[in-house]
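Remember, it's a predicted structure, so these values are computed and weren't measured experimentally. For the numbers below, each heavy atom of this structure counts, side chains included, while hydrogens, waters and symmetry mates do not.
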Amino acid sequence: MKNRALSLIDSLELSPHPEGGYYKEVYRSPTTVHSPRAGENRNALTDIYFLLLSGQVSRLHRVLHDEIWHFYEGAPLLLMEIEAEGFKLQEVRLESCGSQPRYKHCIRGGNWQAAYSTGEYSLVGCTVAPGFDFADFEFLSENAAQKAAVLEKFPEVKSYV
């Protein structure tokens, strides 16, 4: 692990995340809103730092609400999004360099997503609205029917389950 990545984990006080990588919640709105999708109140917005090291993946998962990924630094991050309806796979590269830098991408609520760093590390942020709650989080590996359907159509994502 490079010194910069270690320094970020330490200075940002990041902890291991269940889906892979490291994270820290940095904001949870004190305002609550009713989420029709969850059927109950959620914080209006949440925001985290998220860091993936070389070889780590954010395993295929989904959250109930829209999630905006923000690129901050490091190697480009590759995001995979599989639409819940129609099972279309989209790959998005978040990066600050190149001829067309891309700093953010929104994963629609309910869509499957995974990510990995293309280099030593990638530091990103994730903002969810209405706010993130682990009750609204699901790994693909825990949904047998969806897992079978996704892997039948996209066998190349097997290593992200």
Side-chain angles (χ1 to χ4, degrees), residues 12-53 56-74 76-96 101-118 122-161:
L12 297 175
E13 300 175 346
L14 305 179
S15 301
H17 194 288
E19 74 192 48
Y22 298 87
Y23 82 110
K24 180 173 183 171
E25 183 175 272
V26 292
Y27 184 75
R28 180 170 288 272
S29 174
T31 303
T32 59
V33 296
H34 181 75
S35 165
R37 295 187 87 180
E40 53 191 67
N41 287 346
R42 293 287 183 259
N43 298 90
L45 179 131
T46 56
D47 188 59
I48 66 168
Y49 285 123
F50 186 64
L51 185 140
L52 285 170
L53 299 170
Q56 291 182 321
V57 299
S58 168
R59 294 176 26 218
L60 273 162
H61 66 283
R62 64 181 172 186
V63 295
L64 199 55
H65 302 107
D66 292 353
E67 180 172 7
I68 299 175
W69 289 68
H70 311 266
F71 182 82
Y72 297 129
E73 72 170 77
L77 182 86
L78 187 65
L79 275 172
M80 288 176 279
E81 179 177 13
I82 301 171
E83 291 179 16
E85 300 295 323
F87 283 150
K88 294 178 187 171
L89 174 65
Q90 176 183 6
E91 292 185 354
V92 175
R93 188 178 173 100
L94 298 183
E95 61 186 326
S96 61
R102 185 167 187 169
Y103 297 99
K104 63 176 113 180
H105 178 73
C106 181
I107 303 284
R108 298 284 181 197
N111 286 354
W112 297 104
Q113 58 181 298
Y116 68 90
S117 178
T118 62
S122 299
L123 176 65
V124 298
C126 296
T127 304
V128 180
F132 179 83
D133 188 303
F134 272 106
D136 304 332
F137 178 91
E138 178 184 22
F139 282 116
L140 180 63
S141 62
E142 296 170 349
N143 185 321
Q146 287 282 295
K147 178 181 172 184
V150 167
L151 292 178
E152 180 180 337
K153 184 148 187 180
F154 308 108
E156 67 272 23
V157 302
K158 184 179 182 178
S159 61
Y160 303 101
V161 177

Within the 4.5 Å heavy-atom criterion, are [X] and [Y] side-chain neighbours or not?
X: Met80; Y: Tyr116; value: yes
X: Leu12; Y: Leu123; value: yes
X: Pro101; Y: Phe71; value: no

Could you grab the distance from atom [atom1] of [X] to atom [atom2] of [Y], nearest 0.5 Å is fine?
X: Arg102; Y: Leu77; atom1: CZ; atom2: CG; answer: 11.5 Å
X: Leu79; Y: Trp69; atom1: CG; atom2: CH2; answer: 5.0 Å
X: Cys126; Y: Ile68; atom1: SG; atom2: CD1; answer: 10.5 Å
X: Leu52; Y: Thr118; atom1: CG; atom2: OG1; answer: 11.0 Å
X: Ser96; Y: Tyr72; atom1: OG; atom2: OH; answer: 13.0 Å
X: Lys88; Y: Lys153; atom1: NZ; atom2: NZ; answer: 8.5 Å

Identify the two heavy atoms, one from [X] and one from [Y], that lie closest to each other, and give their separation to 0.1 Å.
X: Ala84; Y: Asn111; value: N-OD1, 2.9 Å
X: Pro16; Y: Tyr23; value: O-CE2, 3.5 Å
X: Phe87; Y: Ala149; value: CE1-CB, 3.3 Å
X: Pro130; Y: His65; value: CD-CD2, 3.3 Å
X: Ala114; Y: Tyr160; value: CB-CB, 4.0 Å
X: Gly109; Y: Arg37; value: O-NH1, 3.3 Å

Taking atom CD of Glu85 as the centre, report whether more than 12 heavy atoms of other residues, nucleotides or ligands fall under 6.0 Å from it.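 No - once you tally the heavy atoms of other residues, nucleotides and ligands closer than 6.0 Å, there are 12 at most.
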
Does Glu142 have more than 12 heavy atoms from other residues, nucleotides or ligands lying within 6.0 Å of its CD? yes

Results of side-chain contact (heavy atoms from CB on, under 4.5 Å) for Val161 - residues two or more places apart only: Leu60, Leu140, Ser141, Lys147, Leu151

Pairs satisfying salt bridge (Lys or Arg N to Asp or Glu O under 4.0 Å), at least one member in residues 58-70, at least two apart: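 For residues 58-70, and leaving out neighbouring residues, the salt bridge (Lys or Arg N to Asp or Glu O under 4.0 Å) pairs sorted by first residue read Arg62-Glu138, Asp66-Arg108.
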
Please list all pairs meeting salt bridge (Lys or Arg N to Asp or Glu O under 4.0 Å) that have one or both residues in residues 12-31, counting only residues at least two apart or in different chains.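 For residues 12-31, and leaving out neighbouring residues, the salt bridge (Lys or Arg N to Asp or Glu O under 4.0 Å) pairs sorted by first residue read Glu13-Lys24, Glu25-Arg28.
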
List for me each residue that meets side-chain hydrogen bond (donor to acceptor under 3.5 Å, both in side chains) alongside Thr127, sequence neighbours excluded, and say none if there are none.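 In terms of side-chain hydrogen bond (donor to acceptor under 3.5 Å, both in side chains), with neighbours along the sequence ignored, Thr127 is linked to Asp47, His70.
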
Taking side-chain hydrogen bond (donor to acceptor under 3.5 Å, both in side chains) as the definition, give me every residue that meets it alongside Gln90, ordered by chain and number, with sequence neighbours left out.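 Partners of Gln90 by the side-chain hydrogen bond (donor to acceptor under 3.5 Å, both in side chains) criterion come out as none, since no residue qualifies.
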
Counting only N and O atoms by type, is there a donor-acceptor contact under 3.5 Å from the side chain of Asn43 to the main-chain atoms of Thr32? no

Does Thr46 reach the main-chain N or O of Phe132 with its side chain, forming a donor-acceptor pair under 3.5 Å? yes

Check salt bridge (Lys or Arg N to Asp or Glu O under 4.0 Å) between Glu81 and all other residues, then give those that pass, not counting sequence neighbours. none

Checking salt bridge (charged side-chain N to carboxylate O under 4.0 Å, His left out) for the pair Arg42/Glu40: CA distance, chi angles, key distance, verdict? CA-CA 7 Å; Arg42 293 287 183 259; Glu40 53 191 67; 2.9 Å; yes

